[in-house]
Amino acid sequence: MNPTCVILDIGGVLECTPATGWAQRWEERLELPLGTVTERMRDVWAAGSVGGVGEREVREEVAARLRLDASQVEAFMADLWHEYLGTPNEELISYVRALRGRCRLGILSNGFVGARERETEMYRFDELVEQIVYSHEIGVGKPDARAFEAACESLDVSPRNCLFVDDAAANVEAARAVGMQAHLFEDNARTIARIAAHLDAGPSVPGRSSHG
């Protein structure tokens, strides 16, 4: 069998995640130069995205590097997660939910330690798709080819039969480089149309040209 598959990103696709300006507000509150939060926390954010640190370590580093007390750390992390989680893209989520049984469904996300628990609680993505692959759980993120390969392997599907949807052009190109079909998310209408065309084309068969 060569099942047809759709794999989606989370932030900026299934979640609407506009910038909230939370880091700048903390810099103003702490009387720090603009960009200080990113500068001091850059390596921690990077490590958290590939599972190099746990949530407890993140909090400890936030406290030490920004000189925050326990209550401030809690408020800081709450602001971080508020932007990270955003709000649900209800139209696209409803469309994907209706696809269950028509194709294999998965998620590939450049996540951060603690994301699975929070996104499961808020959005039940575990009930929307069959497999969710997070960068912080596999130790590598998009656009690394190994991230896309891990997503396909988790669903036991061939890359050529997968349509990957992401809002970052670099990730879309990387997915194509490993043999997947890919679509750059810009709005729901075009994304839904592209998914529908992918499903209508059906799985590719060796020796035949693939549609879409």
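All residue numbers in this chain count up from 1 along the given sequence.
Hydrophobic clustering keeps V172 apart from L92 (ILVMFWY residues linked when any side-chain heavy atoms are closer than 4.5 Å, directly or through intermediates). Residues V178 and L163 are members of separate hydrophobic clusters, defined by side-chain heavy-atom contacts under 4.5 angstrom among Ile, Leu, Val, Met, Phe, Trp and Tyr. One hydrophobic cluster holds both L105 and I192 under the rule that ILVMFWY side chains link at heavy-atom gaps under 4.5 Å. By the rule that hydrophobic residues join a cluster once side-chain heavy atoms approach within less than 4.5 Å of another member, F125 and Y84 end up as members of one cluster. Residue L184 is not grouped with residue I195 when hydrophobic side chains (ILVMFWY) are merged at heavy-atom distances under 4.5 angstrom, including chains of intermediate members.
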### Step-by-step side-chain hydrogen bond (donor to acceptor under 3.5 Å, both in side chains) determination, T4 to H198
CA-CA 8 Å; T4 302; H198 175 67; 5.3 Å; no
### Message
Assess the residue pair D43 and R65 against the criterion (side chain to side chain contact (heavy atoms under 4.5 Å, CB included)); give the C-alpha distance rounded to whole Å, side-chain angles, the decisive distance to 0.1 Å, and a yes or no.
### Response
CA-CA 12 Å; D43 61 322; R65 298 182 185 204; 2.5 Å; yes
### Message
With side-chain hydrogen bond (donor to acceptor under 3.5 Å, both in side chains) as the criterion, how do R104 and Q131 come out once you've worked through the C-alpha distance, each side chain's angles and the decisive distance to 0.1 Å?
### Response
CA-CA 9 Å; R104 304 302 302 272; Q131 296 290 336; over 6 Å; no
### Query
Passes side chain to side chain contact (heavy atoms under 4.5 Å, CB included), D9 versus V165? Steps please.
CA-CA 6 Å; D9 178 37; V165 179; over 6 Å; no
### Task
Test side chain to side chain contact (heavy atoms under 4.5 Å, CB included) on V44 and V58 and set out the steps.
CA-CA 7 Å; V44 178; V58 170; 4.1 Å; yes
### Task
Kindly indicate, with the supporting measurements, whether the criterion side chain to side chain contact (heavy atoms under 4.5 Å, CB included) is fulfilled by N171 and L108.
CA-CA 11 Å; N171 295 337; L108 173 60; over 6 Å; no
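Using a 4.5 Å cut-off on side-chain heavy atoms (C-beta onward), E119 and I132 make no contact. L32 places none of its side-chain heavy atoms less than 4.5 Å from the side chain of E39. Contact of the V50 side chain with the V140 side chain is not registered, since no non-hydrogen atoms from C-beta on lie closer than 4.5 Å.
At most 12 non-hydrogen atoms from other residues, nucleotides or ligands lie less than 6.0 angstrom from CZ of R146. Counting non-hydrogen atoms of other residues, nucleotides and ligands closer than 6.0 Å to CD of E31 gives a total of 12 or fewer.
Taking Q72 as the reference, W26, L30, L68, D69 meet the side chain to side chain contact (heavy atoms under 4.5 Å, CB included) condition, with sequence neighbours excluded.
For V113 against E55, the heavy-atom pair with the smallest separation is O-CG, 3.7 Å. Closest of all the heavy-atom pairs between V73 and A63 is CG2-CB, 3.7 Å. The minimum heavy-atom distance linking P88 with I93 is given by the pair CB-CD1, 3.8 Å. When all heavy atoms of G86 and Y123 are compared, the pair lying nearest together is O-OH, 2.9 Å. V13 approaches D167 most closely through the heavy-atom pair CG2-N, 3.8 Å. Considering all non-hydrogen atoms of both residues, L199 and V6 come closest at CD2-CG2, 4.2 Å.
Here CD1 of I138 is found 8.0 Å from CG of D144. Values are rounded to the nearest 0.5 Å. Remark: I7 CD1 to E130 CD distance equals 10.0 Å, nearest 0.5 Å. With rounding to the nearest 0.5 Å, the separation of CZ in F185 from CG in L14 is 8.5 Å. The SG atom of C16 sits 10.0 Å away from the CD atom of E91 when rounded to the nearest 0.5 Å. With rounding to the nearest 0.5 Å, the separation of CG in N89 from CD1 in I10 is 12.5 Å. A distance of 11.0 Å separates CZ in R190 from CG in N188, rounded to the nearest 0.5 Å.
In this structure, the side chain of S135 engages the main chain of S49 through a donor-acceptor pair within 3.5 Å. Q181 places no side-chain N or O within 3.5 Å of a backbone atom of F164 that could act as its donor or acceptor partner. The main-chain N or O of E127 is found under 3.5 Å from a side-chain atom of R100 such that the two form a donor-acceptor pair. Under a 3.5 Å cut-off, the side chain of E27 and the backbone N or O of V37 do form a donor-acceptor pair. Looking at R176, its side chain does come within 3.5 Å of a backbone N or O of A182 through a donor-acceptor pair. With hydrogens and angles ignored, the 3.5 Å screen pairs no side-chain donor or acceptor of R194 with any backbone N or O of H183. Side chain of T36 to main chain of P33: a donor-acceptor pair is present (N/O by atom type, distance under 3.5 Å, no hydrogens or angles).
The aromatic rings of W45 and F76 sit parallel to each other, their planes meeting at less than 30°, with 60° as the upper class boundary.
Of the charged side-chain nitrogens involved, none lies within less than 4.0 Å of a carboxylate oxygen, so that E121 and R118 do not count as a salt-bridged pair. Using a cut-off of 4.0 Å between Lys/Arg side-chain N and Asp/Glu carboxylate O, R124 and D126 are scored as salt-bridged.
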